[in-house]
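Below is one structure, written out as structure tokens, with a few remarks after it.
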Amino acid sequence: EVQLQASGGGLVQAGGSLRLSCAASGFTFRGYSVGWFRQASGKGREGVACIDSGDGRSYYRDNVKGRFTISYNIARTTVYLQMNNLKPEDTAVYYCGADPGPYDGICRYTYDMDWWGKGTQVTVSS
């Protein structure tokens with residue numbers, strides 16, 4: 001069965017760090033762009049960081065640049081989101097998604113992604 005499994009969320013104080021993982025089962029990310037998205041309570045979904053699993057090019061939304069890093073493992077089965085210096089405004093449910101579309105496009109625009117994982121809650125206390 002093809003699916004994505006997101007994990008690594010939790011409760012952390014402002015300034016702390018978390019590492020999210022998005023694991024693919026039934027396929028690999030080769031040929032896909034993979035992204036992390038988030039949805040805060042009462043707000044729409046937004047692209048946070050996205051990566052081209054072929055060459056590693058990445059895109060970040062402005063308010064996470066310098067704090068978040070997206071990466072993948074050699075086997076292209078897991079994509080990570082290292083989140084440092086977390087802020088209360090980073091609080092949201094985080095989702096990972098995979099699509100053959102361009103890595104920057106899936107982050108910047110609303111995409112009907114091929115695959116979505118279930119969300120993982122990230123809560124940053126002040």
Side-chain angles (χ1 to χ4, degrees):
E1 180 182 4
V2 174
Q3 62 179 2
L4 300 182
Q5 181 66 49
S7 61
L11 172 63
V12 65
Q13 289 188 329
S17 298
L18 285 173
R19 188 195 198 200
L20 305 183
S21 297
C22 176
S25 61
F27 76 116
T28 73
F29 290 129
R30 294 184 190 280
Y32 285 86
S33 297
V34 183
W36 284 98
F37 305 81
R38 66 187 181 189
Q39 186 165 17
S41 180
K43 297 186 178 180
R45 188 181 68 214
E46 59 186 22
V48 176
C50 298
I51 191 166
D52 184 313
S53 66
D55 58 17
R57 289 177 296 168
S58 56
Y59 171 93
Y60 297 91
R61 67 179 301 106
D62 285 346
N63 59 8
V64 305
K65 286 180 181 177
R67 299 189 298 123
F68 291 11
T69 303
I70 189 170
S71 63
Y72 50 71
N73 67 347
I74 293 175
R76 306 293 200 275
T77 57
T78 305
V79 170
Y80 306 98
L81 185 67
Q82 178 66 43
M83 306 187 294
N84 298 328
N85 190 22
L86 282 161
K87 303 177 180 181
E89 52 263 43
D90 295 317
T91 295
V93 178
Y94 283 69
Y95 301 87
C96 62
D99 193 87
Y103 70 98
D104 53 347
I106 65 170
C107 250
R108 297 169 62 185
Y109 307 112
T110 300
Y111 253 77
D112 185 14
M113 305 286 282
D114 269 10
W115 304 108
W116 284 107
K118 293 183 179 179
T120 183
Q121 176 71 46
V122 172
T123 303
V124 185
S125 63
S126 57

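Keep in mind that the numbers below use all heavy atoms, side chains included, and drop hydrogens, waters and symmetry copies. Everything numeric here is computed off the predicted structure, so don't read it as measured data.
- One hydrophobic cluster holds both Ile51 and Trp115 under the rule that ILVMFWY side chains link at heavy-atom gaps under 4.5 Å.
- The cluster map of Ile, Leu, Val, Met, Phe, Trp and Tyr, joined by side-chain heavy atoms under 4.5 Å apart, puts Val48 and Val79 in the same cluster.
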Worked verdict on Phe68 versus Asp90 for side chain to side chain contact (heavy atoms under 4.5 Å, CB included): CA-CA 11 Å; Phe68 291 11; Asp90 295 317; 3.9 Å; yes
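- For the pair Gly54 and Arg76, the tightest heavy-atom approach, listed with the atom from each and the gap, is O-NH2, 3.6 Å.
- Side-chain contact check for Cys22 versus Tyr72: every heavy-atom pair is 4.5 Å or farther apart.
- Across all their heavy atoms, Gly9 and Leu20 have their closest contact at N-CD2, 3.5 Å.
- Counting all heavy atoms, side chain and backbone alike, Thr78 lies closest to Ser21 at CG2-CB, 4.2 Å.
- Connection of Tyr94 to Met113 is not established within any shared hydrophobic cluster, with ILVMFWY side chains joined at heavy-atom distances below 4.5 Å, either directly or through further cluster members.
- Note that OG of Ser25 and CD of Glu1 are 7.0 Å apart. Values are rounded to the nearest 0.5 Å.
- Looking at every heavy atom in both residues, Arg30 comes nearest to Ser53 through CA-OG, 3.9 Å.
- Relative ring orientation between Phe37 and Trp116 is described as perpendicular, the plane-to-plane angle rising above 60° on a 0-90° scale split at 30° and 60°.
- Grouping the Ile, Leu, Val, Met, Phe, Trp and Tyr side chains by contacts below 4.5 angstrom, directly or via other members, places Tyr60 with Val34.
- For Gln3, the CD atom sits in a packed shell: over 12 heavy atoms of surrounding residues, nucleotides or ligands are nearer than 6.0 Å.
- Between the side chain of Arg61 and the backbone N or O of Gly47, at least one donor-acceptor pair lies under 3.5 Å.
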Could you go through Leu4 and Tyr95, starting from their C-alpha distance and side-chain angles, then the distance that decides it, and tell me whether this counts as side chain to side chain contact (heavy atoms under 4.5 Å, CB included)? CA-CA 10 Å; Leu4 300 182; Tyr95 301 87; over 6 Å; no
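- For the pair Thr77 (side chain) and Thr28 (backbone), a donor-acceptor distance under 3.5 Å is absent.
- The line from NZ of Lys87 to OG of Ser126 is 13.5 Å long, rounded to the nearest 0.5 Å.
- Residues Trp36 and Val12 are members of one and the same hydrophobic cluster, defined by side-chain heavy-atom contacts under 4.5 angstrom among Ile, Leu, Val, Met, Phe, Trp and Tyr.
- To the nearest 0.5 Å, atom CG of residue Asp52 and atom OH of residue Tyr32 are 13.5 Å apart.
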Are Tyr59 and Ile70 close enough, and set up right, to give a side chain to side chain contact (heavy atoms under 4.5 Å, CB included), and what steps lead you there? CA-CA 9 Å; Tyr59 171 93; Ile70 189 170; over 6 Å; no
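- Interatomic distance, Tyr80 OH to Asn73 CG, rounded to the nearest 0.5 Å: 4.5 Å.
- At least one side-chain heavy atom of Gln82 sits less than 4.5 Å from a side-chain heavy atom of Ser17.
- Once rounded to the nearest 0.5 Å, the distance linking CG of Asp104 with OG of Ser58 reads 10.5 Å.
- Other residues, nucleotides and ligands contribute over 12 non-hydrogen atoms within 6.0 Å of the CG atom of Asp55.
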Show your reasoning for whether side chain to side chain contact (heavy atoms under 4.5 Å, CB included) applies to Met83 and Arg67. CA-CA 6 Å; Met83 306 187 294; Arg67 299 189 298 123; over 6 Å; no
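- At a cut-off of 3.5 Å, with distance as the only test, a side-chain donor of Thr123 or Gln121 sits close to an acceptor on the other residue.
- The two residues Cys50 and Ile106 have their closest heavy-atom pair at SG-CG1, 3.7 Å.
- Asp99 places none of its side-chain heavy atoms less than 4.5 Å from the side chain of Ser33.
- Nearest heavy-atom pair, Phe27 versus Val2, reported as atom, atom and distance to 0.1 Å: CD2-CG1, 3.4 Å.
- Atom-to-atom distance recorded for Leu81:CG and Thr120:OG1 is 11.0 Å, nearest 0.5 angstrom.
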